[in-house]
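Read the structure below first, then the notes.
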2 protein chains.
Amino acid sequence: MVVYELSDADVDRIFQALADATRRDIIKQAMLREQSVSELARRYAMSFAAVQKHVAVLERASLVIKERRGREQVVHPNPEALRRAARLLDAYEDVWRGRADRIGEILSGP
Amino acid sequence: MVVYELSDADVDRIFQALADATRRDIIKQAMLREQSVSELARRYAMSFAAVQKHVAVLERASLVIKERRGREQVVHPNPEALRRAARLLDAYEDVWRGRADRIGEILSGP
DNA sequence: CTCATATACAACCATTTGGTTGTAGGTTAG
DNA sequence: CTAACCTACAACCAAATGGTTGTATATGAG
């Protein structure tokens, strides 16, 4: 996923990833303390594979990054992506206020 | 959907609704100028029923409100919901910075 | 070395999603 | 009044989602 400009598909992936309480909690946990996938998995009432998939969804949305450390895969948050999502929502506020300058950000696509 | 406190399901619905480019565009269009569902529908390369469903998804997430005007149903934006979503994302920033005070907002649920 | 642990990934399943078409009911223009 | 228009909603379909189990592989502990 490109960092400096988000395509519609990028934005789709970000909000899609955020639309699940377990995934939002994984992000929060990773921000509180970087943890391995299995360490995260122990927190939830579901299989390891399910959590692994959730992390994969977050990774495809670049909301987290996995880094291999020995036999573990440690999950780092990517605060920048969240920031970009928040600013994207802020852009709607500008549209609402009648400012056209940041409209392009909302439904762009390179 | 309760306004003053968002449950996990509420937040799910909001981000889910935002995870589609057509729906994001509908929000933008409604913010630029309040339009009827059929008026909106003409903008997209899909059936009226499809657009109707998209508006319904936005409505369940309280991102828009429909108001009947004669035989038309005019779509108003609800900027407050967008604002709340943006602030929700901002709360992650606080977690990231090590501030615990607003953490509750993220994965709450009355 | 051996074994337990951590991850990867495939196959499967039920449900949801995003689209379609078709039908029916209100409302308004003329 | 009648015809055109706008909306509602059901039924259907393919694809995506969120979960499962099972199997294989890599790594570190002892």
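Letters A, B, ... mirror the listed sequences (proteins, then strands); counts begin at 1.
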Item to check | Terminal helix-axis angle for the helix from C:dC1-D:dG30 to C:dG30-D:dC1, with five pairs defining each axis and rounding to 10 degrees | outcome: 30°
Checklist entry - Between C:dC9 atom C1' and A:Glu59 atom CD, what is the distance in whole Å? => result 14 Å
Next on the checklist: Without decimals, in angstroms, what is the distance between B:Glu67 CD and D:dC6 P?
Outcome noted: 17 Å
Just to verify, what does [X] make a salt bridge (Lys or Arg N to Asp or Glu O under 4.0 Å) with, not counting sequence neighbours?
| X | value |
| --- | --- |
| B:Arg83 | A:Glu93, B:Glu80 |
| A:Asp12 | B:Arg24 |
| B:Lys53 | none |
| B:Arg33 | B:Glu39 |

Next on the checklist: Please give me every residue in residues 34-43 of chain B whose heavy atoms get under 4.0 Å of an atom in DNA chain C, ordered by residue number.
Outcome noted: none
Could I get the full list of side-chain hydrogen bond (donor to acceptor under 3.5 Å, both in side chains) partners for [X], not counting sequence neighbours?
| X | result |
| --- | --- |
| B:Ser38 | B:Ser36 |
| B:Gln29 | B:Arg43 |
| B:Glu59 | none |

Item to check | Results of side-chain contact (heavy atoms from CB on, under 4.5 Å) for A:Ala9 - residues two or more places apart only | outcome: A:Ser7, A:Arg13
Next on the checklist: Testing B:Val75, B:Leu40, B:Val74 one by one against B:Gln35 for a side-chain contact (heavy atoms from CB on, under 4.5 Å), which residue passes?
Outcome noted: B:Leu40
Item to check | D:dT7 OP1/OP2 closer than 4.0 Å to side-chain N/O of B:Gln52 | outcome: no
Next on the checklist: Treating primed atoms plus P, OP1 and OP2 as sugar-phosphate and everything else as base, which nucleotides of nucleotides 17-30 of chain D get B, S or - for protein heavy atoms under 4.0 Å?
Outcome noted: -SBBB-----BBS-
Checklist entry - Can you list every pair that meets salt bridge (charged side-chain N to carboxylate O under 4.0 Å, His left out) and has a residue in residues 67-77 of chain B, with sequence neighbours left out? => result B:Glu67-B:Arg69
